[in-house]
Amino acid sequence: IPAVVYLDPVDEDSESIYVSPQVVELLGISQDEWLTDPYAWRHHVHPEDIDRAWDQYRYAYNAHEPLNHEYRMVHEDGTVRWVLEQAYPIDDEAGDPWLIQGVIFDITERKRAEEQVSFLAYHDKLTGLPNRALFEELLETAIARAHRHDLGVGVLYLDLDNFKLVNDSLGHHAGDELLQQLAERLRGCTRETDLVARQGGDEFLLLLADLERGMGPGTEAGVLVAESVATRVHEALQEAFDLGGVEFFASASIGVSLFPQDAAD
């Protein structure tokens, strides 16, 4: 079968009894290396997963229950492989944990596909930015945090002016290029803790979280931050966009809404 099959004593310091040849492909080590090194499995589990995987392994044979879990392993060449391990403990004549017999499947491709599906569910395919669904989830979280800690939240809604002109005169490919370049510029206009998302079409959303609620010179600090970001966006648009060798200048209309000044949700 396309999996590593093994039979091990539950005693961590004892040598393995059997491992199938597929261990060479999965981890880049020989059967002899696995069989003679009691810690071969441990040495190849990803450092971030070893404690969880080992705890689940021990729980399975101590509780006399089947093991079914996923974790990462590291091949000898440094590549990371996702694996699914299914194992069954075998008791001795006294009913104590004795052996554990299992299979380890390489599920790396499946994991990559799942991650891609998950990414696309919350991100815009064209720009790679978060989409409206992810934006709304993080906005709710930011408002809840602001309630607890007496902070502010700002939302900037940006709409490119005359975007239809780009598609009509230069083609949709140029329009896509403009949106991708704009996404990069918007990232540069915000703090690391802020979020830039694509609402759809030529509309973008900026989430400014954890704003101070204190008074600035003549107005609240949150208002000043939001206006400052909007100003940086306008300044970023002063430079021409290069759309396949054609210079194009874009402008944008920006609306600002603040919590708690403008709305509670």
Side-chain angles (χ1 to χ4, degrees), residues 119-143 145-146 151-213 216-265:
F119 180 85
L120 291 176
Y122 284 101
H123 290 80
D124 173 57
K125 188 175 182 179
L126 177 65
T127 62
L129 292 175
N131 60 17
R132 176 172 177 144
L134 180 55
F135 183 89
E136 289 184 348
E137 286 190 15
L138 295 177
L139 173 59
E140 287 186 13
T141 302
I143 291 177
R145 193 165 60 245
L151 295 169
V153 178
V155 170
L156 275 63
Y157 185 100
L158 180 147
D159 186 8
L160 275 180
D161 301 326
N162 301 317
F163 177 66
K164 187 174 182 296
L165 180 64
V166 180
N167 284 333
D168 291 345
S169 60
L170 300 176
H172 287 278
H173 177 75
D176 290 346
E177 181 66 25
L178 173 60
L179 294 174
Q180 291 170 333
Q181 291 184 33
L182 176 60
E184 284 301 314
R185 292 194 191 183
L186 292 178
R187 287 190 183 102
C189 296
T190 54
R191 305 168 300 172
E192 288 186 5
T193 54
D194 298 332
L195 177 75
V196 179
R198 186 183 178 203
Q199 154 91 350
D202 62 343
E203 300 167 353
F204 292 81
L205 296 161
L206 283 69
L207 173 61
L208 314 178
D210 302 328
L211 301 178
E212 294 295 330
R213 295 265 288 274
T219 187
E220 283 205 20
V223 176
L224 294 176
V225 172
E227 290 180 349
S228 173
V229 172
T231 299
R232 287 202 298 273
V233 171
H234 280 304
E235 290 173 349
L237 294 176
Q238 298 304 307
E239 182 183 345
F241 292 90
D242 182 357
L243 305 179
V246 177
E247 281 195 346
F248 183 84
F249 288 90
S251 60
S253 301
I254 302 175
V256 179
S257 182
L258 295 169
F259 166 88
Q261 295 94 322
D262 301 317
D265 59 21

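Atoms considered below: every heavy atom in the structure, side chains included; atoms not considered: hydrogens, waters and symmetry mates.
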Has [X] got a side-chain atom pairing as donor or acceptor with [Y]'s backbone, closer than 3.5 angstrom?
X	Y	answer
Arg198	Asp124	no
Thr231	Glu227	yes
Asp202	Asp161	no
Arg191	Ala209	yes

Heavy-atom distance under 4.5 Å between the side chains of [X] and [Y], does that happen here?
X	Y	answer
Tyr157	Ile254	no
Leu179	Leu160	yes
Thr190	Leu207	no

Rounded distance (nearest 0.5 Å) linking atom [atom1] of [X] with atom [atom2] of [Y]:
X	Y	atom1	atom2	value
Leu208	Leu258	CG	CG	8.0 Å
Leu158	Glu203	CG	CD	9.5 Å
Gln238	Ser251	CD	OG	9.5 Å
Leu195	Leu129	CG	CG	8.5 Å
Leu134	Leu139	CG	CG	11.0 Å
Leu178	Asp176	CG	CG	9.5 Å

Taking atom types as modelled, find out whether Gln181 and Glu177 have a side-chain donor-acceptor pair closer than 3.5 angstrom.
yes
Check this for me, if you would: do Arg232 and Glu235 make a salt bridge, where the nitrogen-to-carboxylate-oxygen distance has to be below 4.0 angstrom?
no
I'd like to know whether CD of Glu136 has more than 12 heavy-atom contacts from other residues, nucleotides or ligands below 6.0 angstrom.
yes
Neighbour count above 12 (heavy atom, 6.0 Å) for His234 NE2:
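It does: His234 NE2 has more than 12 such atoms within range.
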Sequence neighbours excluded, the answer for ring pair (Phe, Tyr, Trp, His ring centres under 6.0 Å) partners of Phe163 is none
Nearest heavy-atom pair of Glu239 and Phe249: which atoms, and what distance?
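Where Glu239 meets Phe249 most closely, the heavy atoms are C-CE2, 4.1 Å.
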Heavy atoms only: give me the nearest Ala146-Phe259 pair and the separation to one decimal.
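Closest approach of Ala146 to Phe259: CB-CE2, 3.6 Å.
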Working for side chain to side chain contact (heavy atoms under 4.5 Å, CB included), residues Leu211 and Val223:
CA-CA 9 Å; Leu211 301 178; Val223 176; over 6 Å; no
Please evaluate residues Val233 and Leu206 with respect to the criterion side chain to side chain contact (heavy atoms under 4.5 Å, CB included), reporting the C-alpha separation (whole Å), side-chain torsions for both, the decisive distance (0.1 Å), and the verdict.
CA-CA 11 Å; Val233 171; Leu206 283 69; 4.3 Å; yes
Applying side chain to side chain donor-acceptor pair (under 3.5 Å), can you list everything that pairs with Thr193, at least two apart in sequence or on another chain?
none
